[in-house]
Amino acid sequence: MRKKNKSFYFISILSIGFFAKFISLFSKIILTRELGVEALGLFSLVNPILVFIITLSSFSLPNALSTLISKYPNKEKKIFLSALFIVCFFSIILMILLVLLSKDISIYLLHNYDTIYCLYASIILVPLTTLSAIIKGYFLGKGEVKITSLSQIFEESGRLLFIITIFSLIGEVDTPYKASIGVYSLAFGEIFQIGANLSFCSFSSRRDFINNFNKVTLINKAETKLLMNISLPLTSSRIIGSLTYCLEPIIFSYIMMKSGFTNNEIAKEYGIISGYVLSLLIMPGFISYTLSNYLIPNMGSLLAKKKNKEAIKLFYKITLLCFILGLLVSIIFFFFGDIFLKIVFGNTLGHKYLKIFSLPFVIYYIETPISVALNMFSLSKKSLISTFISSLIRIVFLIIFVLLFKTIGIGIATMISIYIDVLMNLFFIYKFIKRNNI
């Protein structure tokens, strides 16, 4: 009976994630159709910079928070408030920098002044994304996996509601303003997600969350040290990865501009490979993300009880399931990619790229559970090594392959870096298991 309950819970979590992604897909269909190729290109050019900024503001503390709360529930109050204070500090600093540097970033780095409106829109996105991630990390550590998964539905619904309402009200606007609506929709979605996490969690978790703000110092040295031990290596790893991603449109724009392409052509080409092809391939990543959310509290609990074999077994099951489901998705994209591009984006631009990358992309779908396992085994420093090496190789190959093959070079460099990162992380986990005779 107990196994049946676990299976039902597991399936319900996956179903919620699937439904959330369905809404996300629907909102993306509307957004991309409304934006058009040029506005989507501008949005895609700015997106890597947004990822880098959000990585800096969150400092990987949501992940550290969920890991530590699942391991040390008696210290949750001090751990939570220490994490909250730190991310608020970083968010304020980065918002100020965005106000001051957006113009220079658009002109001198992206070589397209029209991207400035997306950068200004991101100022409000930074604190909302960070706050949402911290709250989600807290409830995930408390074992509220179903609620954190359910909150994704509200996030995507809020985004969809914003997109439909705004485009029905504004009518025709200039391309740069259209592109910024994509950023504002992300911010609106985060507001909905925050509200959902606080509203629908269990009464005891909500009571604990509220009580965390009563009579406790914001910074606690011991708990801050615990947070930093996990977040620093993880953040270093993510900063390297997101910085590489941030450099991608900068390098691409520079090389294409030197090759005689205009700003509009560069934005269009980058929009096709990044906004259409890679974004369609990444969409099924919700499977890995949802299953990894299930892995965090359960694996953390098993490790805390010294049940290492059971923890490893759970990791194997989740990773294998992610691979099987990812392989199925890759095969579907290989044979029917043009149909999916037509449904989602209203055209088949980038179909030849999708056919090339769909099958090799299968390894991407096991990247998240492997990353979670590294953190659970306290191997975050090893993750930093693999990320540094794969990111460095990505930059080198990005320059080489964009010079040789132009737009398709982005996809080739991305695939090589993913394979190197995943294979190195798997090797570190294997060495850990062998060393500890698990």
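Not measured: the values here are computed from a predicted model.
Residue-environment remark: OH (Y254) stays at or below the threshold of 12 foreign heavy atoms within 6.0 Å. In this structure, Y120 places its OH atom where more than 12 heavy-atom neighbours from other residues, nucleotides or ligands lie under 6.0 Å away. Environment of CD1 in I255: crowded, with over 12 heavy atoms of neighbouring residues, nucleotides or ligands closer than 6.0 Å.
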Discussion item. Quick one, F162 with F188, criterion ring-ring contact (aromatic ring centres under 6.0 Å, His included). Give me CA distance, side-chain angles, the key distance, then yes/no.
Written reply: CA-CA 7 Å; F162 180 84; F188 202 76; 5.3 Å; yes

Practice prompt. Please test K268 against E265 for salt bridge (charged side-chain N to carboxylate O under 4.0 Å, His left out), starting from the C-alpha separation and ending with a verdict.
Written response: CA-CA 5 Å; K268 182 180 178 180; E265 288 172 335; over 6 Å; no

Worksheet entry | Working for side-chain contact (heavy atoms from CB on, under 4.5 Å), residues Q152 and Q193 | CA-CA 6 Å; Q152 292 175 54; Q193 186 175 57; 4.1 Å; yes

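Between the S132 side chain and the T129 main chain, no donor and acceptor come within less than 3.5 Å of each other. The backbone N or O of I79 sits nowhere less than 3.5 Å from a side-chain atom of S82 that would complete a donor-acceptor pair. Of the possible polar contacts, none joining the K103 side chain to the L100 backbone as a donor-acceptor pair under 3.5 Å is found. Side chain of S390 to backbone of T387: a donor-acceptor contact under 3.5 angstrom is found. Of the possible polar contacts, none joining the S391 side chain to the F388 backbone as a donor-acceptor pair under 3.5 Å is found. In this structure a side-chain-to-backbone donor-acceptor pair under 3.5 Å is missing from S371 to E367. Using modelled atom types, no side-chain atom of S102 and backbone atom of V99 make a donor-acceptor pair closer than 3.5 Å. Checked by atom type and distance alone, the side chain of S386 pairs as donor or acceptor with a backbone atom of S383 at under 3.5 Å.
Considering CG of L131 and OG of S57, their distance stands at 11.0 Å, rounded to 0.5 Å. In this structure, I418 CD1 and T414 OG1 are separated by 6.5 Å, a value rounded to the nearest 0.5 Å. Atom CD of E34 is separated from atom OG of S168 by 9.0 Å, given to the nearest 0.5 angstrom. For the atom pair L94 CG and T55 OG1, the distance stands at 10.5 Å (nearest 0.5 Å).
The closest side-chain heavy-atom distance from F432 to L374 is not below 4.5 Å. At a threshold of 4.5 Å between non-hydrogen side-chain atoms, the residues F167 and I170 count as touching. Contact annotation: the side chain of F252 approaches that of E269 to within less than 4.5 Å [non-hydrogen atoms, C-beta and beyond]. Counting heavy atoms from C-beta outward, N347 and Y276 have side chains that approach closer than 4.5 Å. No side-chain heavy atom of F401 sits less than 4.5 Å from a side-chain heavy atom of I408. Side-chain contact between V329 and L325 is absent, with no heavy-atom pair separated by less than 4.5 Å.
Classification of E248 and R394 as a salt-bridged pair holds, one side-chain N sitting under 4.0 Å from a carboxylate O.
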Side chains of residues 107-117: which donor-acceptor partners sit under 3.5 Å, not counting sequence neighbours?
residue	atom	partner	partner atom	Å
N112	OD1	D114	N	3.1
T115	OG1	N112	O	2.7

Determine all donor-acceptor pairs shorter than 3.5 Å in which one atom belongs to a side chain in residues 348-365; sequence neighbours excluded.
residue	atom	partner	partner atom	Å
K355	NZ	F334	O	3.0
S358	OG	L354	O	3.2
Y365	OH	L281	O	2.7

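At a cut-off of 3.5 Å, with distance as the only test, no side-chain donor of T130 or S58 sits close to an acceptor on the other residue.
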